[in-house]
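Structure, as structure tokens:
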Amino acid sequence: MMSWAMVTVFVPTFLLVSLTPGMCMTLAMVLGMTQGVKRTLWMMIGELAGVGLVATAAGAGVAALMLRQPELFALFKWVGGAYLGYLGVMMWRSRGRMAIPLELEVAAPAGRVQLALQGFLTAVANPKGWAFFMVLLPPFLDASRPLAKQLVVLISVILTIEFFSMLVYATGGSTLRKLLGESSNVRLLNRIAGGLMVGVGLWLALG
């Protein structure tokens, strides 16, 4: 296992990083605004699965191999970015299941699988996430202790902090919707959410 001294240093370090606005946090805020906090939990499940996969791979050294395959990341980035950009445009136009409906007769909301897949792809397709965990994790790993047990502790901390950080952003998005939730402001909310979503897509594709 890890020493408690290492854990107490790692927790505030990752907490600061996790609360910093990024692609996944922006995505959580957008979906909190358009889908509500409860449905955004499905995106969070996918995102946490992706973050767990990336962190595990980085800790095991797989990330070094992945980062040597720029064409693979280019494919992930452009496909993922194009998909998020498409969703953003649809939200801007107040169309599609991701947008807040303009009429009371609401269409079916975004599916659980769609939301979970969106979160997973955003986490896995972000090369900065791979590079970040490659840099962050090694200093907290003790070569004299079993690697697997240390990774379990660190990744558990990462996923817990990441979940509550996304919950904060999703709640903020939901609160914004309530503040501007009058029918006359729905189109404005969709345009804010759509613009942010397009921004996340560009960030992913070009970052």
Side-chain angles (χ1 to χ4, degrees), residues 1-64 66-67 80 84 115-116 118-178 193 196-197 199-201 203-204 207:
M1 295 291 288
M2 295 184 63
S3 67
W4 281 110
M6 281 290 193
V7 174
T8 54
V9 172
F10 182 78
V11 168
T13 300
F14 187 75
L15 179 62
L16 179 62
V17 171
S18 185
L19 285 173
T20 302
M23 285 191 295
C24 292
M25 296 303 139
T26 304
L27 184 60
M29 184 176 68
V30 168
L31 294 180
M33 189 187 306
T34 62
Q35 299 292 303
V37 175
K38 186 175 180 180
R39 293 197 67 80
T40 303
L41 291 174
W42 289 100
M43 184 281 291
M44 295 182 193
I45 290 173
E47 196 271 351
L48 292 175
V51 168
L53 175 63
V54 172
T56 301
V62 178
M66 292 290 290
L67 291 175
L84 293 178
L115 291 169
Q118 189 174 356
F120 180 81
L121 290 177
T122 301
V124 174
N126 181 12
K128 291 182 179 179
W130 291 83
F132 169 76
F133 282 119
M134 276 191 67
V135 173
L136 178 69
L137 292 180
F140 292 95
L141 296 174
D142 187 345
S144 65
R145 298 172 183 263
L147 175 63
K149 292 182 178 180
Q150 294 181 76
L151 283 177
V152 167
V153 173
L154 288 178
I155 292 173
S156 297
V157 171
I158 287 169
L159 296 183
T160 300
I161 292 175
E162 188 80 354
F163 171 74
F164 283 106
S165 297
M166 285 192 293
L167 194 59
V168 168
Y169 276 83
T171 303
S174 178
T175 301
L176 181 61
R177 174 175 178 171
K178 291 176 182 177
L196 289 172
M197 186 72 85
V200 172
W203 193 349
L204 181 60

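Taking 4.5 Å as the limit, every side-chain heavy atom of Phe120 sits out of range of all side-chain heavy atoms of Leu48. Taking 4.5 Å as the limit, some side-chain heavy atom of Val157 sits within range of a side-chain heavy atom of Phe10. Looking at heavy atoms from C-beta onward, Phe163 lies in side-chain contact with Leu41 at the 4.5 angstrom threshold. Between Phe133 and Ile158 the shortest side-chain heavy-atom distance falls below 4.5 Å. With contacts defined as side-chain heavy-atom distances shorter than 4.5 Å, the pair Met33/Lys178 does not qualify. Side chains of Met43 and Thr122 form no contact here, defined as non-hydrogen atoms less than 4.5 Å apart.
Partners of Ser165 by side chain to side chain donor-acceptor pair (under 3.5 Å), not counting sequence neighbours, listed by chain and number: Ser18.
Within the 3.5 Å criterion, the main-chain N or O of Thr34 finds a donor-acceptor partner in the side chain of Arg177. A donor-acceptor pair is defined here as one N or O able to donate and one able to accept, closer than 3.5 Å; such a pair exists between the side chain of Thr40 and the backbone of Leu31. A donor-acceptor pair is defined here as one N or O able to donate and one able to accept, closer than 3.5 Å; such a pair exists between the side chain of Tyr169 and the backbone of Leu19.
When all heavy atoms are compared, the tightest approach of Val124 to Gly50 is CG2-CA, 3.7 Å. The shortest non-hydrogen separation linking Glu162 to Val51 is OE2-CG2, 4.2 Å. Here the closest non-hydrogen pair linking Leu27 and Gly119 is CD2-CA, 4.4 Å. Counting all heavy atoms, side chain and backbone alike, Ser156 lies closest to Thr160 at O-OG1, 2.8 Å.
Taken from CD in Glu47 to CE in Met23, the straight-line distance is 10.0 Å, to the nearest 0.5 Å. Annotation: the span from Leu176 atom CG to Met29 atom CE amounts to 7.5 Å, rounded to 0.5 Å. Separating the CH2 atom in Trp42 from the CD atom in Gln118 is a distance of 15.0 Å, to the nearest 0.5 Å. The CD1 atom of Ile155 lies 9.5 Å from the CG atom of Leu53; values are rounded to the nearest 0.5 Å.
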